[in-house]
Amino acid sequence: MVNARHFMSNARYRRECVQTWPAADRPLVAQLAGDDEASLVPCALAFARLGVDGVDLNLGCPQAIARKGHYGAFLLPETARVSRLVGALARALAPLGVAATAKVRLLESREATIATARA
């Protein structure tokens, strides 16, 4: 999982996150953590230029660092924001033929989980 904000602002972090991979590692998906389009979209586009097949927004991480950074599972209650983020990624990546997905965690009810997934 790559923190999009750190990736876009820290060259050392970028070098640590990005490694070469054999062509056989397919499909290759970059999983991003973040809560704003201003860092997520450029980060996703950077990975698209590196040749990934997809970019996944992590909406499932329950760790304390995710709470502190306001990403992962801690975004799930914010359905409008989640929808906006996934939509922004999809619009940016679709012309490049790169898939945009989101990893979600089950919410307090089946209905809430389905509503969030549909959004």
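Under a hydrophobic-cluster definition in which Ile, Leu, Val, Met, Phe, Trp and Tyr are linked whenever side-chain heavy atoms come within less than 4.5 Å, directly or via other members, Phe74 and Val82 are assigned to different clusters. Hydrophobic clustering of Ile, Leu, Val, Met, Phe, Trp and Tyr side chains at less than 4.5 Å, counting indirect connections, unites Phe7 with Leu96. Val104 and Leu107 end up in the same hydrophobic cluster when Ile, Leu, Val, Met, Phe, Trp and Tyr side chains are linked at under 4.5 Å. Leu50 and Leu89 end up in the same hydrophobic cluster when Ile, Leu, Val, Met, Phe, Trp and Tyr side chains are linked at under 4.5 Å.
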Next item on the list: Verify side chain to side chain contact (heavy atoms under 4.5 Å, CB included) between Leu93 and Leu45, making sure each step is shown before the conclusion.
Entry: CA-CA 7 Å; Leu93 295 170; Leu45 291 171; 4.2 Å; yes
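For the side-chain contact (heavy atoms from CB on, under 4.5 Å) test, residues two or more places apart in sequence or in another chain that qualify with Ala119 are Thr79, Ser83. In this view, Asn3 satisfies the side chain to side chain donor-acceptor pair (under 3.5 Å) rule with no residue, not counting sequence neighbours.
Between Leu75 and Leu85, some side-chain heavy-atom pair lies under the 4.5 Å cut-off. Between Tyr71 and Met1, the closest side-chain pair of non-hydrogen atoms falls below 4.5 Å. Annotation: side chain of Val29 is not in contact with side chain of Val55 (no heavy-atom distance under 4.5 Å). Considering only heavy atoms from C-beta on, Leu57 stays 4.5 Å or farther from Thr101 through its side chain. Looking at Val2 and Val18, their side chains never come closer than 4.5 Å, going by heavy atoms from C-beta outward.
Residue pairs meeting the salt bridge (Lys or Arg N to Asp or Glu O under 4.0 Å) criterion with at least one partner in residues 97-109, sequence neighbours excluded, are absent. Sorted by first and then second residue, the pairs that involve residues 46-75 and meet salt bridge (Lys or Arg N to Asp or Glu O under 4.0 Å), not counting sequence neighbours, are Arg26-Asp53. For residues 110-119, the set of pairs meeting the side-chain hydrogen bond (donor to acceptor under 3.5 Å, both in side chains) definition, not counting sequence neighbours, is empty. Among residue pairs with one or both ends in residues 82-102, those qualifying as salt bridge (Lys or Arg N to Asp or Glu O under 4.0 Å) are Glu37-Arg84; sequence neighbours excluded.
A distance of 11.5 Å separates NE2 in His6 from SG in Cys43, rounded to the nearest 0.5 Å. In this structure, CG on Asp36 lies 3.5 Å from OG on Ser39, to the nearest 0.5 angstrom. Annotation: the span from Tyr13 atom OH to Met8 atom CE amounts to 12.5 Å, rounded to 0.5 Å. Here the straight-line distance linking atom CZ of Arg5 with atom CG of Leu32 works out to 12.5 Å at 0.5 Å rounding. Rounding to the nearest 0.5 Å places CZ of Arg12 at 11.5 Å from SG of Cys17.
Side-chain polar atoms of His70 and Glu78 form a donor-acceptor pair below 3.5 angstrom.
Smallest separation of non-hydrogen atoms from Gly54 and Val98: CA-CG1, 3.7 Å. Nearest heavy atoms, Gly69 versus Asp35: O-OD2, 4.2 Å. Minimum interatomic distance between Val41 and Ala92 (heavy atoms only, all atoms of both residues): CG1-CB, 3.7 Å.
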